[in-house]
Amino acid sequence: MDGANGEEMAVGCILAIKTTLGDEFEGQIVTYDRPSNILVLQEGTTKPGARRNLRLLKANYIKDFTLLGRGEDPLDPKKCFIDLAAIQAREDAAMRQAEIEAERIGVGVTAEAQSIFDALSKTLPVHWDKTVIVVMNEVRVCSPYLPDNVSGGTPAANERVKKVLEFERKRLQARSPGQF
Amino acid sequence: MNLQQAVPPRSSANGFGRRRVDRETGARMDDNRMHSGKPTSPNFGLANGSKVGGVAGPSHDRLIYIMTCLVGQRVEVLVKNGSIISGIFHSANADKDFGVVLKMAQVIKDGSIKGQKPFNDTVKKPQTMIIPSRELVHILAKDASLSSDDGHAREKRNDLLIDSVISHPHHVEVERELERWIPDEDVPACSELENIFDGTWSRKWDQFETNETLFGVKSTFNEELYTTKLEKGPQMRELEIEASRIAREIEGEETHDHHLAEERGIYFHEDFDLDEESRYSAVRREADGGRYEENENSFLDAHNMETFGDSFGSAVSRSYSEVLSKQVSSESLASSTCLSADEDSQIPADKDAHVSGFTDHVTWPSSDSLVKSSLFMDEKNRLDDKMTKDQDAEKILLNECRDRIISEEAQTSKSEDVHPSTHLKGLSPSAVTYDPPSSDQINKCPAGESSDSAISGKLTSANEAVNTSLRPGCSTSSTSEHVGSGSVSGGPLSPSSSVGSLSSEKSTLNPNAKEFKLNPNAKSFMPSASLRQHTPASDGSFYYANNISAAPHMHGISMGIGIGPTFGGHHPVVYSPQAAPLQSPQAYIHPNGPLYGQQMILGQPRPLYYMPTYPAEMPYKGRNF
């Protein structure tokens with residue numbers, strides 16, 4: 001849309017934008033990059049330093065926009081410094097975090113199984129072994145994750161896992177009836 | 001499949017490391033084809049405004065800046081078919097088209113399938129996804145920060161690993177919405193259950209009988225074991241009438257305490273603002289709470305002023321009567337006449353504070369009603385005590401007093417009340433408060449009867465006795481004096497409604513506490529590096545040296561007592577042979593205690609203000625203070 005060309009100089013303007021996909025949002029223009037046709041919008045309160053939602057929108061998806069007002073340049077050119085090391089560290093941390101979370105997700109398991117896994121993991125140490133939930137490195141719960149599928153481990157541990165499994169199942173059913 | 005290698009890094013501005021842009025037409029997402037590119041090269045330097053070869057100026061720089069800021073943050077990418085992919089922003093190609101690489105990315109919302117069924121399929125592990133620019137609609141970074149200052153803060157936050165992060169809050173299930181319980185309509189309400197507390201006394205069921213018949217349990221309860229025996233004399237009926245009248249009067253009193261008000265059925269207009277918590281559960285921190293933290297008379301005064309300040313008008317009469325009643329009580333204590341301090345000893349500090357505080361504040365009432373009410377209060381106290389005390393003399397006296405009061409001679413005696421009190425005001429303040437009642441009694445029960453005079457004589461003597469003991473100071477020491485003498489009269493402490501209503505908060509003072517006697521001769525502690533000679537701290541009156549005369553450990557030290565050479569007769573010392581260790585209720589804190597270990601009898605640890613020093617050769621048989 002050609003109207004986007006005019007925004008090159010309009011940093012700081014507040015727009016209400018409708019996209020071709022039907023989304024609507026408002027935001028303040030941070031920048032517009034002509035070669036890649038990307039408009040960067042900043043949403044949220046105008047409190048400086050606060051975290052805001054940042055949206056990088058491809059300008060050719062803008063269906064319509066309205067100018068709501070003008071504001072200041074959200075980026076202070078004098079304060080734009082980047083600490084690469086910090087950013088790198090941040091990414092690494094995020095990656096670690098995401099990996100840890102990914103460990104909890106079973107590959108090729110149903111969502112129901114995943115919910116059971118999550119519920120069990122609150123109180124017991126669990127991890128996935130393909131599609132089998134392994135509790136406390138001893139007890140194995142295989143598909144379809146009913147109390148009858150609990151096997152292995154000491155009788156006490158087995159019993160405990162069975163009980164927890166039953167309880168969690170009941171709770172899950174109570175919370176979202178019909179889903180299972 | 002066209003793979004375009006990463007654009008070689010242009011000058012310094014584009015040093016994002018390796019970026020891959022997938023330009024193939026079909027596939028939208030790729031498997032992990034990330035090679036080992038370093039995300040950012042060390043020599044990447046971005047300064048706003050630096051020239052990037054061949055690319056437009058400042059706005060492009062801004063874009064690059066923003067993209068750099070976003071690295072490592074979780075973003076959501078909306079693609080053309082409506083799916084949303086969430087992942088960690090890794091890098092992007094900002095040269096021509098804007099392709100994005102997301103790590104650990106997952107499809108959150110699949111736009112290609114009609115309807116929302118996000119979890120029906122098998123869960124996929126997150127992977128690195130590359131989104132070509134043609135598919136990209138927008139990238140949404142929630143709670144992104146654009147300045148690097150915030151970045152530092154965020155960094156710290158990530159590394160701190162707060163508990164909620166560790167415990168994976170996203171796995172917490174949403175709690176149920178709590179609803180107030182409403183009884184089912186079809187459940188029959190048992191009328192029995194609801195009325196179970198009504199008409200307690202009219203129920204024909206005796207639990208003890210039932211128990212005995214059912215289980216053969218014999219009840220050995222004897223009421224008189226726990227309370228004073230009621231004398232069922234001829235005056236019983238009248239006393240009961242009188243007592244219930246007084247009770248009604250008390251219960252009808254105005255109060256500002258919400259709990260009392262609720263009991264009595266008084267509803268404040270501001271009650272509607274109070275929720276259940278503040279009505280029944282929360283701690284009320286008003287001015288009159290916690291007023292017994294210090295033993296300062298002035299403090300008590302101030303508190304009492306606050307306490308009574310808001311209802312001062314009514315309180316004056318009440319307090320005056322309090323004062324009177326207490327005065328009367330005090331006399332009765334000593335002389336065990338008609339009045340006792342039973343009810344008052346429960347709140348001794350109050351009493352005392354009233355005594356001392358209100359001499360200044362209470363002006364002698366000149367209104368009839370005031371005196372009358374005070375007299376009634378007196379009478380009430382007396383009658384209350386009558387129930388609990390069985391003293392013949394007091395009964396006789398009471399009868400006479402009551403007759404006189406009822407016959408409204410109290411009116412005339414009012415003036416007489418005032419006079420002696422003012423007359424006696426010249427005495428010590430504490431004395432003043434004690435005098436009027438005695439004169440009251442004398443006035444009301446005119447001499448002429450031997451018992452009267454005897455009693456009045458007792459009263460006066462008691463008055464003085466109490467006065468003198470009180471003179472040293474209106475502190476809680478005198479309070480305990482009261483209590484001490486109060487306990488003489490025996491009988492359990494019966495809660496006094498007259499006092500209780502006035503001071504609805506409980507006293508935190510221990511009525512059985514020993515009086516604190518300041519020992520002016522107590523030496524302050526001077527730690528000495530020499531021998532084991534110590535002097536206890538200033539409140540030495542409670543320190544008793546436990547002498548171990550035969551202690552084998554005491555070699556070479558001629559300290560039989562263990563307290564410094566200045567030890568004289570000031571400190572009461574209890575000598576007990578080692579062979580027969582005593583556990584006396586008073587605190588034994590021998591200053592050399594730790595040295596003698598098990599030989600020492602150590603009572604309850606009092607706060608010690610010194611650490612004894614001892615020569616090095618002595619083993620420290622430690623005692624932890």
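Throughout, a chain's letter reflects where its sequence line sits, starting with A, and its residues are numbered from 1. What you are looking at is a predicted structure, and each value in this text was computed from that prediction instead of being measured.
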Visitor: Heavy-atom cut-off 4.5 Å, strictly under: side chain, backbone, both or neither for B:I88 against chain A?
Guide: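 Looking at B:I88, just its side chain touches chain A.
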
Visitor: Looking at A:E99 and A:R96, is there a salt bridge between them, counting it only when a charged N and a carboxylate O are closer than 4.0 Å?
Guide: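 Looking at A:E99 together with A:R96, the answer is no, because their closest N to O distance does not fall below 4.0 Å.
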
Visitor: Could you check whether any side-chain N or O of A:N158 sits under 3.5 Å from a backbone N or O of A:G152, counting only pairs where one atom can act as donor and the other as acceptor?
Guide: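 Yes; at least one donor-acceptor contact below 3.5 Å.
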
Visitor: Heavy atoms only, distances under 4.5 angstrom: which of B:R74, B:H138, B:M104 has the most pairs with chain A? Name it, please.
Guide: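 Ranked by heavy-atom pairs under 4.5 Å with chain A, first place is B:H138.
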
Visitor: Highest number of heavy-atom pairs under 4.5 Å with chain A: which of B:L78, B:V137, B:L63?
Guide: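 The residue among B:L78, B:V137, B:L63 with the greatest pair count is B:V137.
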
Visitor: Short question: side chain of A:R169, backbone of A:P147 - any donor-acceptor pair under 3.5 Å?
Guide: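 Not at all, since once roles are kept as given, no pair shorter than 3.5 Å links the two residues.
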
Visitor: Could you walk me through whether B:I131 and B:I139 pass the side chain to side chain contact (heavy atoms under 4.5 Å, CB included) test, one step at a time?
Guide: CA-CA 11 Å; B:I131 297 145; B:I139 303 168; over 6 Å; no

Visitor: So which part of B:L70 gets closer than 4.5 Å to some heavy atom of chain A, the side chain, the backbone, both or neither?
Guide: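 Contact with chain A: backbone and side chain both.
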
